[in-house]
Amino acid sequence: MIAFTDIVGMDLAKQALMLLAVDPELCGVVIPSAVGSGKSTLARAFAGILPEETPFVELPLNVTEDRLIGGVDLEATLATGVRVVQHGVLTKAHEGVLYVDSLSLLDSSAVSHIMDAMSRGEVLVEREGLSEVHPAKFMLVGTYDPTDGEVRMGLVDRIGMIVPFTAQNDFRARKKIIDTVLGKRNSEDTEDELRMLAGLIMAAKEQLPHVSITKEQMQALVQTALSLGVEGNRADIFCIRAAIASAALAQRSDVEEEDMKLAIKLVLIPRATRMPEREAEAEEMPPQEEPPAEEEPEAEDENAEADTPDAEAEEEQKDTPDMIEELMMDAVEMELPDNILNISLASKKKSKSGSRGEALNNRRGRFVRAQPGEMRSGKVALIPTLISAAPWQESRRQESLKKGIKKRNALIISKDDVKIKRFRDKSGTLFIFMVDASGSMALNRMRQAKGAVASLLQNAYVHRDQVALISFRGKQAQVLLPPSQSVDRAKRELDVLPTGGGTPLASALFLGWETAKQARTKGVSQIMFVLITDGRGNIGLQAAYDPNAEKAPKEQLEQEIEALSRSIQSDGVAAIVIDTQMNYLSRGEAPKLAQNLGGRYFYLPNAKAEQIVDAALSF
Amino acid sequence: MSQTESVAKKSAAKKTVAKKTVPAKEKAEKTVKAAAPEAAKPVKAPSSSKKKSGQAFPFTAIVGQEEMKLSLILNIIDPRVGGVLVMGHRGTGKSTTVRALAEVLPLIDRVAGDTYNRTVDQFLEMENDRKGAGKIDPATIKLEKIPVPVVDLPLGATEDRVCGTIDIEQALTSGVKAFEPGLLAQANRGFLYIDEVNLLDDHLVDVLLDVAASGKNVVEREGISIRHPARFVLVGSGNPEEGELRPQLLDRFGLHARIVTILDVAKRVEIVKRRREFDEDPDAFMKKYHRDQLKLQKKIEQAKAILSEVTMDDKVLTDIAKLCMNLGIDGHRGELTITRTAYAHAAFLGEKVVTMKHVKDIAGLCLRHRLRKDPLETLDAGEKIERELAKVLGEAEAV
């Protein structure tokens, strides 16, 4: 077991975990990180710096609903004749840590339950005749690899701190990691360090109630949250808590700038949905050079003493929220240029377009739930069937005795008892629209696609269908709408659709395939590509990721597309290709594309949205 | 009884319900015959374990989000408003507000000890109906006052707990089939709250739609046949980005409140401060808002009292109809909801005549989710309603 202090690098993650240890009301830490960066080692090492008896529960990804929130313990119930309750994993983590590796792979129903427990601090169990409330106040430590997909925003929102995503690529740090893993460090040192750390945290916990934060500091933090477009009020509360915990760790009784900066880094920036706008920020003026209050564009300044003499300027700086905010914004900007693109939760697209938070939809996962049903209509869930049959045995036996039938030892199971397994595979189809946004007719195609997406979503509910939209233009394709069921979201995301430029068809296919793979891990089984294009790609895959790549020759482009299409077909993805353009000079690319994808080709000049939907549904 | 006393009693009553378990002997008395609810006997109330471990944040301390608060209050004044769906950004206090509701709810009369929270009439109707049961003399029925129940329906609830099922323990130990009422029974005449309602299992949505339409819950299984009243105000909340709500369910909600992130710094700081204050010392915080809570509760009670005296001019009714027609709203639920909500709103303001001003305040709430959804529509539903409203009002003034 590697100790917390032995872990090299991941300083921010470590800081976040320490803040959490000091103030469990911060609710948790999310650590996005690539494979092999030691994120799970760190999370497990976290248990080592907590008080000894603190529960540390690891949540298995395939956890079932009753294991998660608790239920009836059948064995004990049948043995004793009294209903025996089995506590769920969430309750076992009460007053301790719930650790989830690969948070983004957790299925949606489990995520919902965790969210619910986190907002209540308890679990409501209303199942199988059981009606109970179990305590479940835990810190959630979650790690995940962003390439596996997103974590549902609703869950992330309830977790206080999110470590900005960094790829661990510092060579020296790596070397140290390897040294540590190979046990080259002295274990006595480690023990001493751990003890010190534990002592530090204990002391900070005691200090915590004595730390105060000024109103101005609060205002500055809230203002920062606002400028970053952070949704809701939870982040404000977490941010202030984090700043206070940071001050407590330093054994201070006042919150200082560094505490606020750390809090912003861990709480606000990862939740940012837009770049902060600093109006009237003259570029030539370095922020450090004390921007006088008169120049402040912010109107909220309630402080009447704007005209303070220079001598007092420094004093004042600490007191006006605007001043502090200025400082905070500097901190934000220091962080942003490098990180905004890597911030796992505010996706690249978002930080550019200024849209709000992300959320996955109610995807149907692999989760199994037993439900009344007929024996023929599915797989029988044996244990739930037995549970529901068990209570009746006595009365049924009596009844059959009355009828003169002796069934002493047999279990009497009636039709009503039968529970079938629900695999939640009723996930419907994921339609991935790939729209050619290049060239002059792009606007037209985009409008058609938007209409089709809208129309599909309107009717999506019944089938639990989802829609994603990828547009391709210029150098590479872009996911404009991740798989979603929300009409609102589609409407928002598809509001601004840039058009024009080259046709990176291969990049679109690749991105579509990736999206399909991610959806698969979330339990979506049927995937369909709806390509709206004339099939004439002219930008190669390489150009999408390497701006200096030379223009690929035509044959290479064709080969790429063909190879991709065939792989996609063999992966079991259905596809249709819709060519909506008046083709005077059809060279047959689109039909060929359809053929390689094993799909159908539709030629629908000036197609209406409904026609596209019909085509997609007819397949 | 003075207001203070009633509230003190209310909270005391709440506490005593907690974790009350009925001795096994009493339970064994519930025979097959008693499976049908017998109010006089102490029945194990499934709500017993529902005691909240922490205190709820006071309703009156919630900053902003007036639309949601008003919707909830109007539903208390007149449950026929038909419930409210609260959709909006995460972390904006949706569930906090709904859970805070319990503290400002008025008291209702129910048959003493009745797990179904029945009125005398409901009780007589159901019990006199039963085969073999003699007529019950209404004079012998005792009443008790309880706060309007607020029942939480968690996403993981199974159907048997929602609708009620047999008491497993009894069945196991004595082979006796006794009905154990579910959440729908508890929610009778109260509020049924579903957080993340857009993620609710289809299966449960079907059940809810059924019961909401008929006002009755029917459970039939192996000789147990129970039919009990289940009229509740449905309150749902969720984030629209996590998924769409099934259209039939959407239609069930009388009102649709939208809630967005507050963009005012001062307000946001105030929210944080209050939250911190509450977390540090909930009791002291509750005390601080006690007076406001009482005031609101009283205002609601007064509104309930004058509701039957509120009148509406035919002219206003015509305008409402016009508004709905111009907006192309199908069916009559739109008009009906506006009318009822406007009555409740007037009563809440202590006014006895409904005017277009009242209608204006609540039209968005009543109609927002009834407009046809067009994703390519650039105009917000609220704006569209405002525009049509202005037209109708303009006409009204021109005449």
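Reminder, nothing fancy here: chain letters follow the sequence lines and each chain counts from 1. Please read all numbers here as calculations on a predicted model, not as lab measurements.
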Any residue meeting salt bridge (charged side-chain N to carboxylate O under 4.0 Å, His left out) with B/D206, in chain and number order, not counting sequence neighbours: B/R246
Do we see a donor-acceptor contact under 3.5 Å between the side chains of A/S112 and A/R152? yes
Give, as side chain, backbone, both or neither, the part of B/L263 having an atom under 4.5 angstrom from any heavy atom of chain A. both
If the plane angle is over 60° it's perpendicular, under 30° parallel, otherwise tilted; pick one for B/F278 and B/F285. perpendicular
Is A/D236 in contact with chain B via its backbone, its side chain, both, or neither, using a 4.5 Å heavy-atom distance? both
B/K69: partners by side chain to side chain contact (heavy atoms under 4.5 Å, CB included), with sequence neighbours left out: B/F59, B/I62, B/E66, B/T97
Contact origin within A/L68 toward chain B - heavy atom pairs under 4.5 Å: neither
